[in-house]
Amino acid sequence: MGDDLDMARSLADLLRFDPATGDLAAIDPRGTPGLPKAAREDPKVWARAQLPILGGELFAEQEKLVAAAKTAGSRQRVLLLIQAMDCGGKDGTIKHVVGEFNPQGVQIVAFGKPTEEELAHDFLWRIEKALPGPGQVGVFNRSHYEDVLTVRVNSLVPARTWRARYNKINKFEAAVVGSGCELIKVMLHISYAEQRGRLSDRLQDPTKYWKYNPSDLDERRKWPAYQDAYNDALVKCSTDAAPWYVVPADRKWYRDWAVATLLLERFRALGLAYPPPDFDLDVERERLAQEAKVNGT
Ligand code: ATP
Ligand code: MG
């Protein structure tokens, strides 16, 4: 069992897309790589039970990130970038995983069709503006990758324009990482059949009609072109500075566990610690004691 987390060094190692050998079509969207032995009996129940535990740890890590920025002037921040086909589970992942953080320190940005103003600028303009500040956890729901995905599939710009973007993206991301931002790029990988099921749910359930967009079906017809575009983006933009992680996402419980685990692994690698006081602890304790004497409590 090479894909068991008890054996592998990390989930990141298992899910990291290797640009030399990687092939999106070879990754099973129903797969559950990396679940530890403890999960074997009932993986779904196990993964769902893990989520609040991971969430508690994520919350504590985020607090240390905020504290470091506030008291020690640290430039560190974290950006989770999520891409997926329609119905891929971006919203669900954000709700279940990102929802575990303290909302005060989280900045979620969704990128839809560019506005007139955005179109008048370079494609990275709106992205750069939305980067998280020091101490923040940023989440991108879609991203600059749309400019080599939907834009490419629908020929919204000439081919030479989108072809030039992979390099620009790599340079941009290297600069972002160089400035102290941990960048975690996650593709939620669902199957064609799973997308159909989820679209069907949206058409059957009155509480989900609002999530359905008739154009989703037009895009679905272009599935092979999208998969090719995704594969190219993964191959061309999985760099050492900013690798891609492909998370099998047909099973929602696995998807949530995997994204939470990827985030936690990255936070732990930062080795964050609560900063020491930037005031004299003894003096302040004594002042509080004196103040309590004066006021009687
Ligand atoms: P849901 O999955 O819940 O439907 P969503 O992410 O699809 O949410 P929408 O507002 O429905 O959100 O769709 C956003 C749309 O904007 C997508 O169709 C996406 O392809 C499109 N989009 C994003 N960035 C660009 C871009 N740079 N150029 C053209 N279209 C873009
Ligand atoms: Mg949509």
Side-chain angles (χ1 to χ4, degrees), residues 29 79-99 107-131 138-169 172-173 185-234 236-237 247 249-250 252 255-256 259:
L79 175 58
L80 172 67
L81 181 160
I82 308 176
Q83 282 289 156
M85 296 291 289
D86 285 319
C87 303
K90 294 183 277 92
D91 289 345
T93 306
I94 290 171
K95 180 172 151 193
H96 290 117
V97 179
V98 180
Q107 185 192 320
I108 302 168
V109 187
F111 293 97
K113 290 195 172 60
T115 61
E116 286 286 314
E117 189 190 18
E118 287 168 350
L119 280 174
H121 290 83
D122 180 73
F123 75 106
L124 292 170
W125 181 72
R126 65 175 181 164
I127 307 295
E128 191 153 21
K129 278 202 305 175
L131 290 171
V139 180
F140 282 0
N141 179 344
R142 301 186 189 269
S143 66
H144 43 292
Y145 282 94
E146 291 295 320
D147 293 278
V148 290
L149 294 166
T150 187
V151 167
R152 161 176 162 170
V153 170
N154 292 303
S155 304
L156 300 182
V157 299
R160 65 172 187 284
T161 304
W162 59 254
R163 276 204 199 101
R165 286 180 173 167
Y166 299 102
N167 248 331
K168 291 181 180 175
I169 289 174
F172 170 74
E173 290 180 353
K185 303 189 291 188
V186 168
M187 184 212 172
L188 305 176
H189 181 41
I190 56 161
S191 63
Y192 189 61
E194 181 68 20
Q195 189 192 51
R196 186 184 188 286
R198 293 187 189 177
L199 283 170
S200 169
D201 285 349
R202 290 181 182 186
L203 289 172
Q204 303 302 325
D205 179 349
T207 68
K208 290 184 176 171
Y209 293 163
W210 65 278
K211 288 190 181 185
Y212 184 82
N213 185 335
S215 74
D216 290 351
L217 216 49
D218 301 319
E219 295 309 295
R220 176 172 166 79
R221 295 213 181 90
K222 303 168 197 162
W223 182 275
Y226 267 107
Q227 295 295 303
D228 280 353
Y230 262 106
N231 194 61
D232 269 4
L234 294 168
K236 292 184 163 80
C237 299
V247 172
D250 273 12
K252 295 175 180 172
R255 172 200 77 195
D256 293 343
V259 175

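Atoms within each ligand, like the ligands themselves, are counted from 1 in listed order. Being a predicted model, the structure only gives us computed values, none of them experimental.
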- Task: Considering the heavy atoms of Asp91, write down every atom of ligand 1 situated less than 4.0 Å from one of them.
- Result: 3 (O)

- Task: Validate the cation-pi geometry between Lys129 and Trp125: distance from NZ or CZ to the six-membered ring centre under 6.0 Å, angle to the ring axis within 45°.
- Result: yes

- Message: Does Arg165 qualify as a cation-pi partner of Phe172, given the criterion of NZ or CZ under 6.0 Å from the six-membered ring centre and within 45 degrees of its axis?
- Response: no

- With a cut-off of 4.0 Å, which atoms of ligand 1 are near a heavy atom of Asp86? 7 (O)

- Purely on distance, is any nitrogen or oxygen of Asn213 under 3.5 Å from one on ligand 1? no

- So is Cys87 polar-close to ligand 1, meaning N/O to N/O under 3.5 Å? no

- Query: Could you state the interatomic distance from CG (Leu199) to SG (Cys87), rounded to the nearest 0.5 Å?
  - Reply: 4.0 Å

- In ligand 1, the atoms that come under 4.0 Å of a heavy atom of Asp147 are 27 (N)

- Of all the atoms in ligand 1, which lie at a distance below 4.0 Å from a heavy atom belonging to Thr150? 20 (O), 29 (C), 30 (N), 31 (C)

- Query: Does a salt bridge link Asp147 with Arg163, judged by any charged N lying under 4.0 Å from a carboxylate O?
  - Reply: no

- Query: Could Asp218 and Arg221 be called an ion pair, given the rule that one side-chain N must be under 4.0 Å from one carboxylate O?
  - Reply: yes

- Should one rank Lys90, Lys208, Arg126, Arg142 by closest heavy-atom distance to atom 13 (O) of ligand 1, which comes out on top? Arg142

- Note on the structure: Atoms of ligand 1 under 4.0 Å from any heavy atom of Val151, numbered from 1 in the order shown, are 28 (N)

- Message: Taking the basic N atoms (NZ, or NE/NH1/NH2) and the acidic carboxylate oxygens, is any pair closer than 4.0 Å for Glu146 and Lys113?
- Response: no

